[in-house]
Number of protein chains: 2
Amino acid sequence: MATTEPRAQALSIGEVARRTGLSVHALRFYEREGLLVGPVQRTTGGRRRYTEVDVDWLLICVKLRESGMPLAELKRFAELVRHGPGNEAERLQLLDAHQQRVEAQIRALEECRSVIAWKTSVYAEHLARGEAGGLWDPTA
Amino acid sequence: MATTEPRAQALSIGEVARRTGLSVHALRFYEREGLLVGPVQRTTGGRRRYTEVDVDWLLICVKLRESGMPLAELKRFAELVRHGPGNEAERLQLLDAHQQRVEAQIRALEECRSVIAWKTSVYAEHLARGEAGGLWDPTA
DNA sequence: CTATGAAGTAGAGCGAGGTCTAGATCAAGT
DNA sequence: ACTTGATCTAGACCTCGCTCTACTTCATAG
């Protein structure tokens, strides 16, 4: 049988920080805030030992945060997952709602981009033809 | 001659708030922070009277803010414009740098979107085939 | 044994970006 | 004159998302 071993590689907080891009401080903060799914294991000396599964979860957290999900909602999601099976519909709903927002955000940014592109083109053109004055009004 | 009248329609702060989507508070705050190009005109009674030009500038500010430009940078831009002609190259550079960031942001969001889309599809599939257990691990 | 450096805790502090309060004033309608 | 509602100012206050401080403890190399 292909033993599906959990390959618990016992990563230190520093390692996890490097892998996730979160600071050591942020990792402890996330834990305090209940943003993790399970309690992190500890060595006899009290140090945190993260597993690959923990890291996977954190990587998802990073993506959700990066796309603007507030910590409170991330926490809610973690709670759902922690609570186990039976609430998949709610999880899906949460993710779906977030996805909508991300898409709206992308559209908004694309519009900003086009406004900015237009502005820069006005300046670029102006510079190309020399200082012709009359440009210093806010609209231009 | 086509008199290019500045059609100064004397808008109240409330009107401008409605038109720009900024709150009245935010408008006063922006002014205090030096984010406006010129000083806003006042009535004899001391109330602000905005012109269309002011609104145009504010609309640009809104777009820049919406796309993540920090107030400090917006202030810098306002200063350049206020200072008049001769610094167009610097203005262009500032806008250009921002545009790069907006594009990077869009790319990052698109990646987040695809991660989230994958996650939701996992849940959706799971729900479609009934609660098959074994899904409640953070990776799924 | 000691030095060094990573990690532990609890809690204070910070920067950004507004928001809100208090109390006064202005402007318009009746 | 009176009421109502928008504005005025200065400055206090708030939320978010970490970050940093202070001080202690653990682990490892020399």
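Note on naming: letters A, B, ... go to the chains in the order of the sequence lines (proteins, then strands), and numbering restarts at 1 for each one.
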Check: How many Å lie between CG on B/Leu22 and C1' on C/dG17, as a whole number?
Finding: 12 Å
Check: Are A/Lys119 and B/Gln99 close enough, and set up right, to give a side chain to side chain contact (heavy atoms under 4.5 Å, CB included), and what steps lead you there?
Finding: CA-CA 10 Å; A/Lys119 265 293 231 192; B/Gln99 193 168 6; over 6 Å; no
Notebook entry, point to check: OH of A/Tyr50 to OG1 of A/Thr20: how many Å apart, nearest 0.5 Å?
Noted result: 8.5 Å
Notebook entry, point to check: Should A/Arg48 be listed as having a side-chain N or O under 4.0 Å from OP1 or OP2 of C/dA7?
Noted result: no
Next item on the list: Take atom CG of B/Leu11 and atom P of D/dA6, then tell me their distance rounded to the nearest Å.
Entry: 17 Å
Next item on the list: Write down the distance between CD1 (B/Ile13) and C1' (C/dT19), rounded to a whole number of angstrom.
Entry: 14 Å
Note to self: Whether B/Arg28 contacts D/dT9 is assessed here as follows: a side-chain N or O lying under 4.0 Å from the phosphate OP1 or OP2. Is that the case?
What the structure shows: no
Notebook entry, point to check: In terms of side-chain geometry, is the basic nitrogen of B/Arg107 or B/Glu110 positioned less than 4.0 Å from the acidic oxygen of its partner?
Noted result: no
Check: Can you check whether B/Tyr30 has a side-chain N or O nearer than 4.0 Å to OP1 or OP2 of C/dG18?
Finding: yes
Margin query: Within the 4.0 Å limit for protein heavy atoms, which parts of nucleotides 19-30 of chain D are touched? Write it as a string from 5' to 3', B for base, S for sugar-phosphate only, - for none.
Written below: BBB---BBS---
Margin query: Please evaluate residues A/Val102 and A/Met69 with respect to the criterion side chain to side chain contact (heavy atoms under 4.5 Å, CB included), reporting the C-alpha separation (whole Å), side-chain torsions for both, the decisive distance (0.1 Å), and the verdict.
Written below: CA-CA 9 Å; A/Val102 172; A/Met69 181 181 282; over 6 Å; no
Note to self: As a test of reading the structure: which of C/dG18, D/dC8, D/dT7 is closest to the side chain of B/Ser12, going by heavy atoms?
What the structure shows: D/dT7
Notebook entry, point to check: Under a 4.0 Å N-O cut-off, is there an ion pair linking A/Arg65 with A/Glu33?
Noted result: no
Notebook entry, point to check: Between B/Arg91 and B/Gly84, which heavy-atom pair has the shortest distance, and what is it?
Noted result: NH2-O, 3.0 Å
Check: Do the rings of B/Phe77 and B/Trp57 sit parallel, tilted or perpendicular, given the 30° and 60° boundaries?
Finding: tilted
Item checked: For atom CZ of B/Arg18 and atom P of D/dG5, their distance in whole Å -> 15 Å
Margin query: If I take atom CZ in residue B/Arg42 and atom P in nucleotide C/dA27, what distance separates them, rounded to the nearest angstrom?
Written below: 13 Å
Notebook entry, point to check: Which of residues 68-77 of chain B have a heavy atom under 4.0 Å from DNA chain C?
Noted result: B/Pro70, B/Leu71
Notebook entry, point to check: According to a 4.5 Å side-chain heavy-atom criterion applied to Ile, Leu, Val, Met, Phe, Trp and Tyr, with indirect links allowed, do A/Leu109 and A/Val115 form part of one hydrophobic cluster?
Noted result: no
Next item on the list: May I ask you to decide whether A/Arg76 forms a salt bridge with A/Glu79, counting only side-chain N to carboxylate O separations under 4.0 Å?
Entry: yes
Margin query: Tell me the interatomic distance from B/Leu27, atom CG, to C/dT19, atom P, rounded to whole angstroms.
Written below: 10 Å
Note to self: Looking only at the side chain of A/Arg65 (C-beta and beyond, no hydrogens), which of the listed nucleotides C/dG8, D/dG17, D/dT9 gets closest?
What the structure shows: D/dG17
Note to self: Rounded to whole Å, how long is the line connecting atom CD of B/Glu33 with atom C1' of C/dG15?
What the structure shows: 13 Å
